[in-house]
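First comes the structure, then the notes that go with it.
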Amino acid sequence: MRVETKRTLKRFFRNPSAIIGVSILVFFTLVAIFAAYIAPPVSPMDPSRKIHDPYTMPKITWKQEPIPPTKRKDAEIAFVAKGLEKYVRKIPEDKLRPLAKSIIEGLNYEGKIEVYAKVSRTKTKIKSYLKDHLDQLKEAGFANAENLINSFFENDLVLAAKRSLEMLPEFSKYIDNLESEIEKFRKADCIKVVKYGFSKLEYGYAMKVVKDFTGVKGNILDWMIDKKLINRKPIRCVDYHLFGMIDGRDIFYGVIWGTRTAFRIGLIVTIISTIIGLIIGSIAGYYGGWVDEVLMRITDVFLSLPFLVAAIVITTILGTGLDKVMVAMIIFGWMGTARLIRGNILQVKEEQYILAAKALGVKDFFIIMRHVIPNTIFPVVIQASMRMGSLVITAAALSFLGLGAPTGYADWGSLLNYSRDWILGAQGEVFKYWFALTYPGIAMVLFVLAWNLLGDALRDTFDPRLKG
Amino acid sequence: MTAYIIRRLLILPLILLGVTFIIFGMMQLLGSDKLLAAYVNPNVFDKLTDEELEALKDKYGLNDPLIVRYGKWLNGVLHGDLGWSVVGKTYVSEALMQRIPYTAELALYAIFPVIGVGIWLGIVAAVNHDKFIDHAIRIFAVIGWSFPDFVFGLFILMIFYSFLGWLPPGNFSNWVEDAIKSSNFHYITHILSLDALLNGRFDIFWDVIRHLIGPIITISWLWWAYLLRITRSSMLEVLNKEYIRTARAKGLDEKVVINKHAKRNALIPVTTVGGAMVINLFAGTVIVEVIFNRVGLGSFVAQAATQLDYAAIMGGALFYSTILVVGNLIIDILYAAIDPRIRLG
Amino acid sequence: MYVSREPILQVKNLKTYFYTEDGVIKAVDGVSFELYKGETLGIVGESGSGKSVTSLTIMRLLDEKAKIESGEILFKGKDLLKISEEEMRKIRGNDIAMIFQEPMVALNPVYTIGDQIMEAIILHQKVKESEARKIAIDLLRKVGIPEPEKRVDQYPHQLSGGMRQRAMIAMALSCRPQILIADEPTTALDVTIQAQILELMKELQREYGMALIMITHDMGVIAETADRVAVMYAGRVVEYGTVDEIFKNPKHPYTYALLSSIPRLDVEDQELKSIPGTVPDPLNFPSGCRFHPRCEFAREECKNLDPKLFEVSPSHYTACPFYGVLENVGVK
């Protein structure tokens, strides 16, 4: 038996499909584990982070011509006011609570920063938290930050705008920093893809500024891709964003963190639906008779809805979100395993050694445990690994249709959804936005390919029918 | 054989009933408030007091026991009343009827290349087992199997529409729309390409076909991969059978062995899969129709889903599952008819 | 029965190896024997001893994984391993025919019995379909299938196991082959039917004057049908002689062990012996004499024995140089 196992393993690892599949999966696993190091989340997760760090400033692209000095002041004022206005509008009184909640949950999730956990759900406490950090803000050169924060939390738009004007001197410094960034951009010869100017910077950027001023951030969860620009156009600038940007978001970040999403969806759905299938299939196969008949007809009913359509129906009813997608795929994903297990049990029940065991008076339960499980575990594992790929595709397809992951979620399907509007390219440059489709696309194909190759190799190794 | 068909025919309505129950049950998860919203003008809805809400729920029977509501709903479905579609701006049944010909057309044209080429590739791979061509076909299959249709479709659009300008998205060009709306274009089958031929309008026919090629290529790769894998393994299994050895021992030419003895046996199980595929082509068109911006059943359901048009989604799901159930029945009967072991046994 | 001394088939030092992912399986490793016109040669051995592979090598029906390393198969002086596939195809079914073990799976389930018999007739005898059908019905009648006119249009699954094997025989005989290879033709059948089928084969052999290679693991079948016997173990012929010599005077411990494990009706209070140990792993055959780990007479020298046959008498050969020890034991 041990020699046989060794030989099987040897055969498995000599199979080119297995080698390629396993290596890709190992690669993706490493990427998923070290995502935080490969693509560090740009969010105020770490309170010790320097607030005025130019490298955490948005890596935006600027228009070629420098803005004339006369216009610059207007632009600055307009920019800050507009930005604040939209930001305040974005957080009305009753929404502040969920926002705070999401912050706390997000931080608890990572368990990194205890300070944040102390922040309670009330607005005043957030305010006091910010006040506690006022020193840090002042240290960073924002003398008037206190006023801004107060007016901001009083929801006084006019006052906020006014006070933000008081901050202009500091803000100018901030902009100077950005100017030096522009220089870097120029040197990097990225400027040719850059079409944006100050006046075009809308609240996405302003939000960023306010976030940096106050430390409050909506998208604090690190599996959200930070929105850095309001403009949705794909932008390619290898020096700052390896895979470019789309929808104002870094594609590289999305691809790296999307690995985690893919693993999470695939593993959770596969494991749970396989277990459900195992239970239903073994009950049906083992008891037989009317139990079998009823369970198999129920299985037939569930199989009567096309998988994608079923998933669409459920996500529309439950609402969008990855958890809903997973629920949908579990509800409509167990039938294959159930049928497989039932068939195997029926087959094994007919075998001589089961009859022999029964004749010896061995209890039914033990018979199942001892004989059926070793006989059926490999087909189930093979089927599960084959299903991983198609599950990830379906989840991504739902995101692609706008029914899956919420906007900004680090998910390959969402990234592909953004790129959909741009595949036609620009005038004269058909493949201008190729990267928006290609990088997440390749990640997705490789991931699914790896699972399929693994499943293939497992089947080749363990399915006796195809043994040479 | 007859007993088998009768048994299957008796189970059919049971399964359909189960499907309607699942769809209805899922709809109930929405809660009576949301269900009520389907009946009431949304502007009025927000201003209703709780008492008024309850009164309305009573009026529309939303407070009845589940089974009563199910009965009423099922009665409606049986009479073709699937509700009002916000997206389609018409009755759901009518909206579906408008779109089915487009999806049917796509599926119809996709079937032939998909099944023909898929089976052919599978047989070629099996016959050349472990040779270069087998490996090449297997790689082609596993990549196709792993390529999500929405990614592949977007690449197709990028290359064949955006770059080469050959395969435009949509169902047809603008001028065709005018042409088919004119009074001298007669609808006979409601499948546009066929109608164009029957009207003698080859230009329209060509335009429609041109719009179909992109979606068909997109669908094909995945299904080729699927079908050729099954054909290949079925063929390999058959080629290892003793009766193939018997045939060879008779001194038959290898071509005869494969074409006469192996193929027929190998294709019997493929029938089930191929048939299931034809049915699933209908369901598989959701993504393709969305990508290629086509009017059809799939894009209708997708659109209804994003706009929370519950009645339309339920109607679409019901239609899909009916096709699936009835189609599977037909395939099983066909399968029984092909295999002499079942036909005569 | 007249047995000519003219060999119709000579197998010389045949080696067929399987190259698998786990290693090389030496399924047939230096097998030699002759088949004379009209005689029956029994090849006997446990499963995995290489007897079936030998027969498939003669027919050249092995898959790609198998490689014929060396050896010659001379059919009427022609080396079957050197001729083209085209020529081989003309010999298959026409000159050398084969019957397989499982009549359940050896017939194509989607064609009628008649179809499958007629196929070979049309191919080799170049006759019309109606003619071939007549021949097929005659053949079915000859192999003892009742109502052949009806059976000819039936599918294999509509026939019983014995009937199917009869149909297989009819198919094999359709072109009056000179050699018939029967690979365990009765193993899958009920005992009563086994005897009928063997009787039928003997009868037909006499009628057609064919040479028959009977491959089996059943010493009883050998005793009943064979003129001469080759005993195979782990890819090699370990003993080779006439049926009398083998049964009455075995000169190899393996043959001896095989014979001692058969229950005999003529001996009372017989102690049935089983061969200790298991069939060796084909990837890892023992060195020297491959039977030595299981041999009750094994000595140290057995581990380094050369694989060659020693002559006991002009018609009797054994691979065991120490066959003298068996003299003292005798067959019970």
Side-chain angles (χ1 to χ4, degrees), chain A residues 16-17 297-298 300-310 312-318 331 386 389-390 392-394 396-398 400-403 412-413 416-417 419-420 423-425 430-431 433-434 437-438 440-442 444-453 456 459 463 465-466 468, chain B residues 11 14-19 21-23 26-27 29-30 129-130 135 138 142-143 145-152 154-155 157-159 161-163 229 233 236-237 240 279-280 282-284 286-287 290-291 298 301-302 304-306 308-310 313-314 316-317 320-325 328:
Chain A
S17 302
R297 291 297 82 76
I298 291 175
D300 283 348
V301 168
F302 274 86
L303 277 170
S304 303
L305 269 172
F307 189 54
L308 185 64
V309 174
I312 289 176
V313 172
I314 294 196
T315 43
T316 36
I317 289 166
L318 299 179
I331 294 178
M386 297 285 234
S390 61
V392 172
I393 289 185
T394 309
L398 287 171
F400 180 80
L401 293 174
L403 299 169
W412 297 333
L416 290 165
N417 188 17
S419 72
R420 195 177 131 199
I423 49 150
L424 299 187
V430 174
F431 294 121
Y433 305 128
W434 61 274
L437 173 60
T438 308
I442 285 179
M444 175 114 214
V445 172
L446 280 181
F447 188 82
V448 178
L449 186 70
W451 283 105
N452 286 338
L453 285 174
D456 245 10
R459 200 187 51 181
D463 194 334
R465 280 184 308 165
L466 293 173
Chain B
I11 290 175
L14 216 71
I15 300 234
L16 280 176
L17 204 67
V19 172
F21 191 76
I22 285 196
I23 292 174
M26 287 196 295
M27 202 156 40
L29 290 176
L30 284 168
H129 184 208
D130 265 346
H135 293 306
R138 284 186 79 183
V142 79
I143 295 178
W145 183 257
S146 312
F147 228 115
D149 41 6
F150 50 96
V151 180
F152 184 52
L154 289 178
F155 274 119
L157 260 188
M158 196 169 173
I159 294 165
Y161 172 53
S162 180
F163 182 56
R229 279 162 66 115
S233 60
L236 278 180
E237 207 182 315
N240 276 328
I279 305 162
N280 272 303
F282 260 95
V286 176
I287 296 278
V290 170
I291 291 175
V301 169
T306 43
L308 301 181
D309 183 353
Y310 299 114
I313 298 165
M314 297 306 159
Y320 274 127
S321 46
T322 313
I323 286 191
L324 208 68
V325 172
N328 273 328

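All values below were derived from every heavy atom in this structure, side-chain atoms included, with hydrogens, water molecules and symmetry-related copies excluded. Below, chain A is the first sequence line, B the second, and so on; all start at residue 1.
Using a 4.5 Å cut-off between heavy atoms, A:A310 does not touch chain B at all. If you measure heavy-atom distances from A:L303 to chain B, the contacts under 4.5 Å come from the backbone alone. Only the side chain of B:I11 comes within less than 4.5 Å of a heavy atom in chain A; its backbone stays farther off. Heavy atoms closer than 4.5 Å to chain A are found nowhere in B:F152, neither backbone nor side chain. Of the two parts of B:Y161, only the side chain, counted from C-beta on, holds a non-hydrogen atom closer than 4.5 Å to a non-hydrogen atom of chain A. Neither the backbone nor the side chain of A:W451 comes within less than 4.5 Å of any heavy atom of chain B. Only the side chain of A:D456 comes within less than 4.5 Å of a heavy atom of chain B; its backbone N, CA, C and O stay farther away. For chain B, the nearby part of A:L403 is the side chain; its heavy atoms alone come within less than 4.5 Å. In this structure, chain B has no heavy atom under 4.5 Å from any part of A:S390. In this structure, the portion of B:I22 lying under 4.5 Å from any heavy atom of chain A is its side chain and not its backbone.
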Taking it one step at a time, do B:F155 and A:T438 satisfy side chain to side chain contact (heavy atoms under 4.5 Å, CB included)? CA-CA 9 Å; B:F155 274 119; A:T438 308; 4.0 Å; yes

Going through the checks in order, is the side chain to side chain contact (heavy atoms under 4.5 Å, CB included) test met by A:I442 and B:V151? CA-CA 9 Å; A:I442 285 179; B:V151 180; over 6 Å; no

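Of all non-hydrogen atoms in A:F431 and B:M158, the two that sit nearest each other are CD2-CE, 3.6 Å.
Residue A:M386 holds its CE atom at 4.0 Å from CZ of B:R229, rounded to the nearest 0.5 Å. To the nearest 0.5 Å, the span separating CG on B:D309 from OG1 on A:T316 amounts to 10.0 Å.
Listed options A:D300, A:L318, A:I298, A:I314 were ranked by heavy-atom pairs under 4.5 angstrom with chain B; first place goes to A:D300. Between chain B and the options A:G402, A:G389, A:A396, A:G441, heavy-atom pairs under 4.5 Å are most frequent for A:A396. Counting heavy-atom pairs under 4.5 Å between each of B:G298, B:A304, B:P148 and chain A puts B:P148 at the top. When B:L16, B:V290, B:V325 are compared by the number of non-hydrogen pairs under 4.5 Å with chain A, B:V290 comes out ahead. Interface remark: of the candidates A:V301, A:L446, A:T315, A:I331, A:V301 forms the most heavy-atom pairs closer than 4.5 Å to chain B.
A heavy-atom distance below 4.5 Å is not found between the side chains of A:L305 and B:L324. By the 4.5 Å heavy-atom criterion applied to side chains, A:V448 and B:W145 are not counted as neighbours. No side-chain heavy atom of B:I23 sits less than 4.5 Å from a side-chain heavy atom of A:V313. Side-chain contact between A:F400 and B:L154 is present, with at least one heavy-atom pair separated by less than 4.5 Å. For the pair B:F150 and A:I393, the minimum side-chain heavy-atom distance is below 4.5 Å.
Evaluation of the side-chain hydrogen bond (donor to acceptor under 3.5 Å, both in side chains) rule for A:R420 yields no partner, not counting sequence neighbours.
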